[in-house]
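Since we're looking at a predicted model, the values are computed, not measured. Position 1 is the first residue of the sequence; numbering continues from there.
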Amino acid sequence: MTPPPAPTVLAVIPARGGSKGVPAKNLAQVGGVPLVARAVRACLASPEVTDVVVTTDDPAIADAARAAGDALGESGRLQCVHRPAAIAGDTATSEAAVLHALDAYESIRPGRSADVVLLVQCTSPFVTREDIDGVAAAVAREGADTAVTVAPFHGFVWRDGSAVEDDTYGVNHDKAVRPRRQDRPQDLLETGAAYAMDVPGFRTHRHRFFGHTALVRTDPARVLEIDDPHDLARARALAPLLDPSPLPTREDVDAVVLDFDGTQTDDRVLIDSDGHETVAVHRGDGLGIAALRKAGVPLLILSTEQNPVVAARARKLQVPVLHGIDRKDLALKQWCEEQGLDPGRVLYVGNDVNDLPCFGLAGWPVAVASAHDSVRAAARAVTTTPGGFGAIREIAAWLLGPTLTTTLTPAHTPTT
């Protein structure tokens with residue numbers, strides 16, 4: 001007996017361009033990745049999801065979504081559809097966008113209709129593949145009509161009723177009784193990250209909760225919805241802790257380009273009575289750079305600093321240097337062209353805002369732990385070590401292994 005075909009599961013990501021709380025919110029970067037791209041990655045990583053549709057009124061959001069699909073080699077499973085103005089305003093519902101996306105999908109893929117539709121929100125930056133698997137499987141394979149991600153919640157909820165009842169009161173508790181957490185009923189908080197609906201039922205009811213709703217539990221530490229700039233700042237601070245470690249390997253990188261001040265130094269300058277400047281560097285960084293050079297990784301030091309100490313350090317390390325550069329991004333682009341390198345396979349290490357244009361060019365923008373907040377937010381990976389204290393040695397270990405398995409002879413071990 002032939003088994004029935006697997007249900008078609010369509011993940012819809014609504015991502016309109018207008019946002020009053022956080023301008024261009026769905027393009028804002030968390031962990032170096034635009035919010036819309038984070039949602040696309042999570043959906044495409046789910047084995048439960050057949051196809052993904054991003055519905056947007058903003059061409060820049062569509063471009064970012066497609067780039068995320070291309071980077072994963074999954075462009076065939078991703079479609080971007082134009083969201084009409086009538087359902088793209090502040091009062092438009094997510095359900096309206098999902099219904100429109102369903103119709104658009106079925107016109108794009110003639111003969112294919114979705115059995116289950118997911119609503120995945122860009123504004124939940126820490127939604128995981130497991131969250132999406134959970135809600136999809138609950139409807140596609142476990143008999144639920146709808147599903148939603150929830151997280152355990154132990155807070156006492158209060159409401160200010162003074163305007164009506166002249167008192168404040170507990171919503172989920174009697175304020176005269178303070179039971180222990182283990183003695184209270186388990187409350188679950190809707191995370192806002194992912195929902196799943198049976199398509200025929202959704203078309204009939206036109207809202208996301210009908211019939212039996214499965215509650216798919218997720219990690220409460222990951223619950224965060226971005227509605228204002230403070231939420232975005234918290235998400236950026238949490239990303240290094242919550243994101244899977246996106247550390248590159250040698251297979252991902254064809255060249256390494258290093259900033260100098262604040263990256264290979266601790267960003268301090270010592271000035272003697274004659275005005276001569278000196279900086280401190282780390283021997284471990286010299287070891288890492290020598291190992292990368294010996295492994296055949298093209299290297300470049302790129303700095304706006306004109307101080308001859310930069311060139312002196314580069315000579316010591318036997319690494320080419322461009323310093324006193326005003327437009328580092330143009331210099332990086334030209335160097336890549338001269339070397340025949342794809343910038344998408346270049347790892348660039350920086351620490352301050354003048355490195356951000358290079359972050360936009362390099363496929364692997366990396367911030368040291370002591371970098372400016374905006375640089376950490378734009379980075380694809382962040383070291384655990386501050387600049388000047390072995391951060392470059394740490395990056396070399398990402399590429400060559402934790403013990404730098406490339407053997408160094410004494411002649412290749414630099415001193416500072």
**OP:** First locate atom OH of Tyr169, then atom CG of Asp160, and finally report the distance between them rounded to the nearest 0.5 Å.
**Re:** 9.0 Å
Subject >> Side-chain donor/acceptor of Glu305 to backbone N/O of Asn307, under 3.5 Å >> reply: yes
Original post:
Of the non-hydrogen atoms in Asp243 and Gly31, which two are nearest, and what is the gap between them?
Top reply: OD2-CA, 4.2 Å
**OP:** Output all residues satisfying ring pair (Phe, Tyr, Trp, His ring centres under 6.0 Å) with His323, sequence neighbours left out; order by chain, then residue number.
**Re:** none
Original post:
Leu258 versus Ile289: any side-chain heavy-atom pair under 4.5 Å?
Top reply: yes
Subject >> Side chains of Ile301 and Val310 in contact at under 4.5 Å (non-hydrogen atoms) >> reply: yes
**OP:** For Thr204 and Pro200, indicate whether the former's side chain and the latter's backbone hold a donor-acceptor pair under 3.5 Å.
**Re:** yes
Subject >> Over 12 foreign heavy atoms within 6.0 Å of CD, Gln339 >> reply: yes
Subject >> 4.5 Å side-chain heavy-atom contact, Asp231 and Glu225 >> reply: no
Subject >> Audit row: Val148, Phe209, side chain to side chain contact (heavy atoms under 4.5 Å, CB included) steps and yes/no >> reply: CA-CA 9 Å; Val148 57; Phe209 297 119; 3.8 Å; yes
**OP:** Give a yes or no on whether Asp174 atom CG has more than 12 heavy-atom contacts from other residues, nucleotides or ligands under 6.0 Å away.
**Re:** yes
Subject >> Ring centroid separation Phe156 to His173 under 6.0 Å >> reply: yes
Only distances under 3.5 Å count here; give the side-chain donor-acceptor pairs of residues 7-15 to other protein atoms, sequence neighbours excluded, each with its distance to 0.1 Å.
none

Subject >> CD1-NZ distance between Ile61 and Lys25, expressed to the nearest 0.5 angstrom >> reply: 10.5 Å
Original post:
Hey, are the side chains of Arg16 and Arg83 touching, using non-hydrogen atoms and a 4.5 Å cut-off?
Top reply: yes
Original post:
Could you go step by step and tell me if Phe202 and Leu99 meet the side chain to side chain contact (heavy atoms under 4.5 Å, CB included) rule?
Top reply: CA-CA 8 Å; Phe202 180 61; Leu99 287 165; 3.5 Å; yes
**OP:** Establish, from distance only, whether the side-chain atoms of Tyr195 and Glu190 form a donor-acceptor pair under 3.5 Å.
**Re:** yes
Subject >> From Leu347, Asn351, Val375, residue fulfilling side-chain contact (heavy atoms from CB on, under 4.5 Å) relative to Val366 >> reply: Leu347
Subject >> Where Leu78 and Ala65 come nearest, the two heavy atoms and their spacing >> reply: CD2-O, 3.2 Å
Original post:
Between the side chain of Arg345 and the main-chain N/O of Gly363, is any donor-acceptor distance below 3.5 Å?
Top reply: no
Original post:
Taking side chain as C-beta onward, heavy atoms only, is Ser94 less than 4.5 Å from Arg208?
Top reply: yes
Original post:
Distance-only, no hydrogens or angles: does the Ser124 side chain make a donor-acceptor pair with backbone N or O of Val127 under 3.5 Å?
Top reply: no
**OP:** List the atom of Val253, the atom of Pro248, and the distance in Å for their closest heavy-atom pair.
**Re:** CG2-CB, 3.9 Å
Original post:
Any donor-acceptor pair under 3.5 Å linking the side chain of Arg236 with the backbone of Ala377?
Top reply: no
**OP:** Can you measure from CH2 (Trp364) to CG (Leu399) and round to the nearest 0.5 angstrom?
**Re:** 9.5 Å
Original post:
Does a salt bridge link Arg222 with Asp219, judged by any charged N lying under 4.0 Å from a carboxylate O?
Top reply: no
Original post:
Which value, rounded to the nearest 0.5 Å, describes the distance between Arg283 atom CZ and Arg393 atom CZ?
Top reply: 15.0 Å
Original post:
Has Phe389 got more than 12 heavy atoms of other residues, nucleotides or ligands less than 6.0 Å from its CZ?
Top reply: no
**OP:** Please identify each residue that fulfils salt bridge (charged side-chain N to carboxylate O under 4.0 Å, His left out) with Arg129, with sequence neighbours left out.
**Re:** Asp133
**OP:** Can you run down the salt bridge (charged side-chain N to carboxylate O under 4.0 Å, His left out) pairs that involve residues 64-75, sequence neighbours left out, and say none if there aren't any?
**Re:** Asp63-Arg66, Glu74-Arg77
Original post:
Less than 4.5 Å apart, any side-chain heavy atom of Leu356 and any of Ser374?
Top reply: yes
**OP:** Would you list the pairs meeting salt bridge (charged side-chain N to carboxylate O under 4.0 Å, His left out) in which at least one residue belongs to residues 102-111, sequence neighbours left out?
**Re:** Asp51-Arg109, Asp103-Arg203, Glu106-Arg203
Subject >> No-hydrogen, no-angle side-chain donor-acceptor test under 3.5 Å, Thr249 and Glu251 >> reply: yes
Subject >> Sidechain-backbone polar pair: Arg159 side chain, Thr168 backbone, donor-acceptor under 3.5 Å >> reply: no
Original post:
Can you name the residues that form a salt bridge (charged side-chain N to carboxylate O under 4.0 Å, His left out) with Lys328, not counting sequence neighbours?
Top reply: Asp259, Asp355
Subject >> Heavy-atom donor-acceptor pair, Asn172 side chain to Gly155 backbone, under 3.5 Å >> reply: yes
Original post:
For Val40 and Ala68, which heavy atoms make the closest approach, and how far apart are they?
Top reply: CG1-CB, 3.9 Å
**OP:** Without swapping roles, check the side chain of Arg217 against the backbone of Thr149 for a donor-acceptor pair under 3.5 Å.
**Re:** no
Original post:
Asp266 side chain to Arg268 main-chain N or O, any donor-acceptor pair under 3.5 Å?
Top reply: yes
Subject >> Candidate pair Lys175 and Asp167, rule salt bridge (charged side-chain N to carboxylate O under 4.0 Å, His left out), full reasoning >> reply: CA-CA 12 Å; Lys175 68 178 186 178; Asp167 199 5; 3.2 Å; yes
Original post:
Which pair of non-hydrogen atoms, one from Ala101 and one from Val53, has the smallest distance, and what is that distance?
Top reply: CB-CG1, 3.9 Å
**OP:** Take Glu95 and Arg206 through the side chain to side chain contact (heavy atoms under 4.5 Å, CB included) test and state the conclusion after the steps.
**Re:** CA-CA 7 Å; Glu95 281 84 350; Arg206 306 180 77 80; over 6 Å; no
**OP:** Kindly indicate whether the side chain of Val98, heavy atoms from C-beta on, has any atom under 4.5 Å from the side chain of Val117.
**Re:** yes
Subject >> Distance in Å, Leu232 CG paired with Arg234 CZ, rounded so as to fall on 0.5 Å steps >> reply: 10.0 Å
Original post:
If every non-hydrogen atom of Val368 is compared with every non-hydrogen atom of Gly262, which pair is closest and at what distance?
Top reply: CG2-O, 3.6 Å
**OP:** Starting at SG of Cys336, measure out to CG of Leu361 and round the result to the nearest 0.5 Å.
**Re:** 7.5 Å
**OP:** May I have the step-by-step check of side chain to side chain contact (heavy atoms under 4.5 Å, CB included) for Thr50 and Arg112, ending in yes or no?
**Re:** CA-CA 11 Å; Thr50 309; Arg112 177 181 285 185; 3.8 Å; yes
Subject >> NE2 (His230) with more than 12 external heavy atoms under 6.0 Å >> reply: no
Original post:
Considering only heavy atoms from C-beta outward, does the side chain of Thr191 approach that of Leu224 to under 4.5 Å?
Top reply: no
Original post:
Is it true that a side-chain atom of Arg38 and a backbone atom of Arg41 form a donor plus acceptor pair closer than 3.5 Å?
Top reply: no
